[in-house]
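Take a look at the structure set out below.
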2 protein chains.
Amino acid sequence: MERELLLLGLLRRQDMHGYQLNEFIERDLTMCTDLKKSTAYFLLDKLVKDELVSFQQTQEGARPPRRVYHLTEKGEAEFQRLLRENLSVYDPVRFPNDIGLLFADALPADELLRLLQDQRESLQLALAAIEAAPPHPGPLQWVIDHRRAHLQSELDWLTTIIARLATETAS
Amino acid sequence: MERELLLLGLLRRQDMHGYQLNEFIERDLTMCTDLKKSTAYFLLDKLVKDELVSFQQTQEGARPPRRVYHLTEKGEAEFQRLLRENLSVYDPVRFPNDIGLLFADALPADELLRLLQDQRESLQLALAAIEAAPPHPGPLQWVIDHRRAHLQSELDWLTTIIARLATETAS
DNA sequence: GGGCGCATGTAATGAGTTACATGATTGA
DNA sequence: TCAATCATGTAACTCATTACATGCGCCC
C-alpha cells in the first residue's frame with residue numbers, strides 16, 4: 001500500500017500528470033521508492049477506478065495530451081487512513097544479505113573476508129551518495145537522515161564482523 | 001534469488017524432504033526469511049526441473065510418501081555462485097515507513113507524535129523478541145546479531161525524532 | 001467421532017517489472 | 001538526419017501469496 005500512499009500524497013500537494021509524477025519520483029525520491037513508470041501509470045488507472053483521484057485531459061500546442069490528476073474527497077480520506085496506518089506500525093525489514101551470511105561457513109575464511117570487503121565498498125558508495133546529497137526541504141530531509149543513519153549502522157556492523165573475521169584468519 | 005540460495009544451502013547441509021524444510025524455516029529462520037510453505041514446494045519443483053536438486057521418494061509405514069531432496073553437483077556449483085553474488089554486494093533496503101514520513105506534515109504535530117510512539121512500541125516488541133532468543137550456533141548467531149543491531153539503530157533514530165518533535169510541540 | 005499432525009500439492013490471484021509501441025517535437 | 005524529450009500505455013512475464021484440496025493415522 002505504500003505506493004498508493006505515495007501517489008495520493010504527491011497529488012494531494014498539487015495536481016500533476018503522470019509524466020510529471022514519474023519525473024519527480026525518479027529525480028527526487030530514489031532513496032524512498034523504486035516505483036517504475038509503467039507501474040505508476042497502472043496505479044493511477046486503479047486510483048481513478050476506485051474514485052480516489054479524478055483527471056482532466058489537457059493539451060499544450062501540439063504536445064501529447066496529458067492527464068492531469070486531482071485528489072478527490074474520497075482520495076483524501078483514503079490518504080489519511082493509509083498515512084496513519086503507515087506511521088503507526090513498524091514494518092520489519094528483510095535483509096537478503098542475511099541468507100548469504102547464514103552459509104558463510106561454506107567459504108574459506110580468506111575468500112569470505114574479501115567478499116565482505118567488496119560488500120562494504122558498495123555500502124560505502126551508497127553512504128557517500130547520501131552524504132553528497134544537498135539539504136532538502138521539510139520531511140524529505142527526515143527520510144535522508146533516516147537513510148544515512150541506517151547505512152551508517154550497517155557499515156559499522158559490517159566493519160565489526162570483518163574485523164572479527166580478520167583476527168580469526170590471522171591467528 | 002535469495003530463496004533459491006536458502007533452499008540450496010539447507011539441502012547442502014543435509015538431505016531433507018519438503019515438510020522438514022518448511023518446519024525448519026518456520027521454527028528457526030523467521031528472522032531471516034518469510035518464505036511460505038507452498039512457495040517452498042513450488043521452488044523445490046523448479047530446482048528439480050533445473051537439475052539443481054534431485055529427489056528420492058521414500059515412505060515410512062503408512063505415512064504419506066516423502067520426497068527427500070538432494071543437492072546435485074550442478075546445484076552445488078549454483079549454490080557457490082549465488083552465495084558469492086549475495087555476499088559481495090550490499091542490497092539496498094527500502095523502508096515502507098519512509099513514505100509515511102514524507103507526508104508527516106499532513107498531520108497535526110500531536111497526533112504525529114502519538115503515531116510515532118505507537119510505531120516505537122511495535123519496534124520495541126520486535127527488539128525484545130530478538131533479545132529473548134537463546135544463543136544459536138554458528139552463522140545464525142551472526143544473523144541474529146545483525147538484526148539486533150539494525151533494530152537498535154532504528155529505535156535510536158525513532159527516539160531521536162520523537163524527542164525533537166516533542167520539544168517542538170511543547171514550544 | 002473430531003481434530004490435529006503429517007506431507008504434498010493445485011488454482012486463482014495479485015503485485016510489479018520488462019520490453020515494446022506510438023507519434024509528435026526539439027535540438028545538434 | 002539522428003537522437004532525445006514528451007506522454008501515454010499494452011502485453012507478456014515473473015514471482016510470490018492465499019486459499020483450498022487430499023487422505024491417512026493417532027489420540028482423546
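Naming: A, B, ... by sequence-line order, numbering from 1 per chain. Here the structure is a predicted model, which is why all the values come from computation and not from measurement.
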What is the separation between atom [atom1] on [X] and atom [atom2] on [N], rounded to the nearest whole Å?
X     : N      : atom1 : atom2 : answer
B:Q59 : C:dC6  : CD    : C1'   : 12 Å
A:E26 : D:dT5  : CD    : P     : 11 Å
A:H17 : D:dG9  : NE2   : P     : 12 Å
B:K49 : D:dC15 : NZ    : P     : 12 Å
A:K46 : D:dG9  : NZ    : P     : 16 Å
B:N22 : C:dT8  : CG    : P     : 8 Å
B:Y19 : D:dC24 : OH    : P     : 17 Å
A:R27 : D:dT5  : CZ    : C1'   : 12 Å

Please check if any side-chain donor atom of [X] sits under 3.5 Å from a side-chain acceptor atom of [Y], or the reverse.
X      : Y      : value
A:D145 : A:Q141 : yes
B:H146 : A:E154 : yes
A:E26  : A:N22  : no

> How far apart are the C-alpha atoms of A:E121 and A:Q117, what are their side-chain angles, what is the distance that settles it, and do they pass the side-chain hydrogen bond (donor to acceptor under 3.5 Å, both in side chains) test?
Replying inline: CA-CA 6 Å; A:E121 262 179 61; A:Q117 281 164 347; over 6 Å; no
> Looking at D:dC15, C:dC6, D:dT8, which one has an atom nearest to any side-chain atom of A:R67?
Replying inline: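 Selected nucleotide: D:dT8.
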>> Quick check for you: among D:dA7, C:dC6, C:dG9, whose closest atom lies nearest to any side-chain atom of A:R66?
In response: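 For A:R66, the side-chain atoms sit closest to D:dA7.
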> With distance as the sole test, does B:S88 use its side chain to make a donor-acceptor pair with the main-chain N or O of B:R84 at under 3.5 Å?
Replying inline: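 Present.
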> Looking across every strand, which nucleic acid part, if any, lies under 4.0 Å from A:E23 by heavy atom: base, sugar-phosphate, or nothing?
Replying inline: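 Here A:E23 touches the backbone only, sparing every base.
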>> Under 4.0 Å, heavy atoms only, any strand: does B:F55 hit a base, just the sugar-phosphate, or nothing?
In response: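 Result for B:F55 = nothing.
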>> Run the side chain to side chain contact (heavy atoms under 4.5 Å, CB included) test on A:I99 and B:V143 for me, step by step, so that the C-alpha distance in whole Å, both residues' side-chain angles and the decisive distance to 0.1 Å come before the verdict.
In response: CA-CA 8 Å; A:I99 303 292; B:V143 175; over 6 Å; no
> Which letters describe nucleotides 16-25 of chain C, given B = protein heavy atom under 4.0 Å from base, S = only from sugar-phosphate, - = neither?
Replying inline: SBBB---B-S
> Looking only at side-chain N and O atoms, does B:Y41 come under 4.0 Å of OP1 or OP2 in C:dT8?
Replying inline: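 Yes, because at least one side-chain N or O of B:Y41 sits under 4.0 Å from OP1 or OP2 of C:dT8.
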>> Would you say the ring centers of B:H17 and B:F55 fall short of 6.0 Å from each other?
In response: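 No: the rings miss the under 6.0 Å criterion.
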